[in-house]
2 protein chains.
Amino acid sequence: MAKTAPKTRKTVRTPPVTTAALARLRDAGLRPTRQRIALAALLFDGHPYGRHVTAEMLFDEARKRGARVSLATVYNTLNQFTEAGLLRELVVDPGTSHFDTNMGDHHHLYFEDSGELRDVDAGGIEIKGLPATPRGAEVARVDVIVRLRRR
Amino acid sequence: MAKTAPKTRKTVRTPPVTTAALARLRDAGLRPTRQRIALAALLFDGHPYGRHVTAEMLFDEARKRGARVSLATVYNTLNQFTEAGLLRELVVDPGTSHFDTNMGDHHHLYFEDSGELRDVDAGGIEIKGLPATPRGAEVARVDVIVRLRRR
DNA sequence: TCAATAGATTAGAATTATTCTAACTAAAGA
DNA sequence: TCTTTAGTTAGAATAATTCTAATCTATTGA
Ligand SMILES: [Mn+2]
Ligand SMILES: [Mn+2]
Ligand SMILES: [Zn+2]
Ligand SMILES: [Zn+2]
């Protein structure tokens, strides 16, 4: 519309896009850079039940959506998000790490043929008979992975 | 002792060392080569409760004991043993595969600080509330990994 | 608003785990 | 013993990930 520059320019400020992604970064104490915002949006926006991605998957997705981001940054970001408690790392597969946006207490179904990971809420699960936690140690996490194959 | 060669040489045959390792290879239908025998002996002999190794660990151990074996053969052998049902592959750690000689139904304590893996017999463990196996799929295995860190 | 600065991004090199290749060697069977 | 088949090997290749060092950018204090 306005092709002519205004005589007196109002202060140019970053638009107050308080997206969920942006808020998440702020809360985590991470500088909201373009690429972190883009990656956080891909990871979290519109995925109420969480998602599971590899670095390569997220990188390809970001590129397809036109984000200018390098693979190194995707790795950096996934690791930072994990450290910040925004993600958890899953190791189900020799060779590649998966990252999980679902931070709730849950376990996984892993379809070995397709590589698909499906969440299983821990709410309905009870594990009885685990040994006492060795002294000097504390439980960081209990992972249950049900490995499935095509029958 | 005998520095002089015998007049009539008896047929030189491989000594009939029917070790456990050798028997295991035969049963699995694997040719009992020097390196497979050496690796099987390291993996299985004198380890009634099983052991957990990486390729690199087993390679170093074999070398220390004077076995002439390459790292490629260690990888080949671990994969063959796994396919043959003599080992199972464990993935607990991003970056490296571990191989487990305990083929009984069991789970693991994983000490994240030291990398130690400790077995937990599945006999005393009950997991309730897992979802029904999706149709078209069957459960290949259920892995429970209790991840511990120094308190 | 702007310059200074701490922090982030990047391409490409480096590293690590693993597999592949293709030449060599050993086990099996006749 | 001979022939055949399978296994071993060094080194190259590949894949995932991290590192390096140069460049860029978000933040902040003036
Ligand atoms: Mn995968
Ligand atoms: Mn390890
Ligand atoms: Zn999940
Ligand atoms: Zn075990």
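Because only heavy atoms are used, hydrogens play no part in the values below, and waters and symmetry mates are left out as well, while side chains stay in. Just so we're on the same page: letters track the sequence lines, and every chain starts at 1.
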Using only side-chain N and O atoms of B:Thr73, determine if any of them is under 4.0 Å from OP1 or OP2 of D:dG7. no
Applying side-chain contact (heavy atoms from CB on, under 4.5 Å), run through A:Leu30 and A:Phe81 and close with a yes or a no. CA-CA 9 Å; A:Leu30 294 170; A:Phe81 283 12; 3.7 Å; yes
Using atom CG of A:Asp93 as one end and atom C1' of D:dT17 as the other, report the distance to the nearest whole Å. 15 Å
Taking only the side-chain nitrogens and oxygens of A:Ser97, find out if one of them lies under 4.0 Å from OP1 or OP2 of D:dA16. no
Just checking A:Glu138: does its CD atom have more than 12 heavy atoms from other residues, nucleotides or ligands closer to it than 6.0 angstrom? yes
Can a side chain N or O of B:Thr33 be found less than 4.0 Å away from OP1 or OP2 on D:dT8? yes
Using a 4.0 Å heavy-atom cut-off, does B:Pro32 contact any base of the nucleic acid, only the sugar-phosphate backbone, or nothing at all? sugar-phosphate
Rounded to the nearest Å, what distance is computed from the CG atom of residue A:Leu39 to the P atom of nucleotide C:dA8? 14 Å
Nearest-angstrom distance from the residue atom CZ of B:Arg31 to P of C:dA28: 6 Å
Determine whether B:Phe59 and B:Val53 make a side-chain contact, defined as any pair of heavy atoms from C-beta on separated by less than 4.5 Å. no
For a quick test of reading the model: is some side-chain N or O of B:Tyr75 closer than 4.0 Å to OP1 or OP2 of C:dT19? no
Taking the six-membered ring for Trp, are B:His98 and B:Tyr110 parallel (under 30°), tilted (30 to 60°) or perpendicular (over 60°)? perpendicular
Find which nucleotide of DNA chain C each of A:Gly29 and B:Arg26 is nearest to by heavy atoms, and output the residue with the more 5' nucleotide. A:Gly29
In whole angstroms, how far is the P atom of D:dT9 from the CZ atom of B:Phe59? 9 Å
Please check the phosphate of C:dT10 (OP1 and OP2 only) for any side-chain N or O of A:Gln35 closer than 4.0 Å. yes
Between A:His108 and A:Asp119, is any side-chain donor less than 3.5 angstrom from a side-chain acceptor? yes
Roughly, in whole Å, what's the span from CZ in A:Arg68 to P in D:dT23? 18 Å
Closest-nucleotide 5' rank along DNA chain D - winner of B:Val69 and B:Pro94: B:Val69
Send over the distance from A:Leu71 CG to C:dG12 P, rounded to a whole Å. 13 Å
Starting from P on D:dT17, measure out to NE2 on A:His98 and report it in whole angstrom. 9 Å
Go nucleotide by nucleotide along DNA chain C from the 5' end; which of B:Ala72 and B:Arg34 gets its closest nucleotide reached first? B:Ala72
Tell me whether the OP1 or OP2 atom of C:dA8 has a side-chain N or O from A:Arg36 closer than 4.0 Å. yes
Please report the distance, rounded to the nearest Å, between CD in B:Gln80 and P in C:dC20. 13 Å
Can you check whether A:Asn79 has a side-chain N or O nearer than 4.0 Å to OP1 or OP2 of D:dT17? no
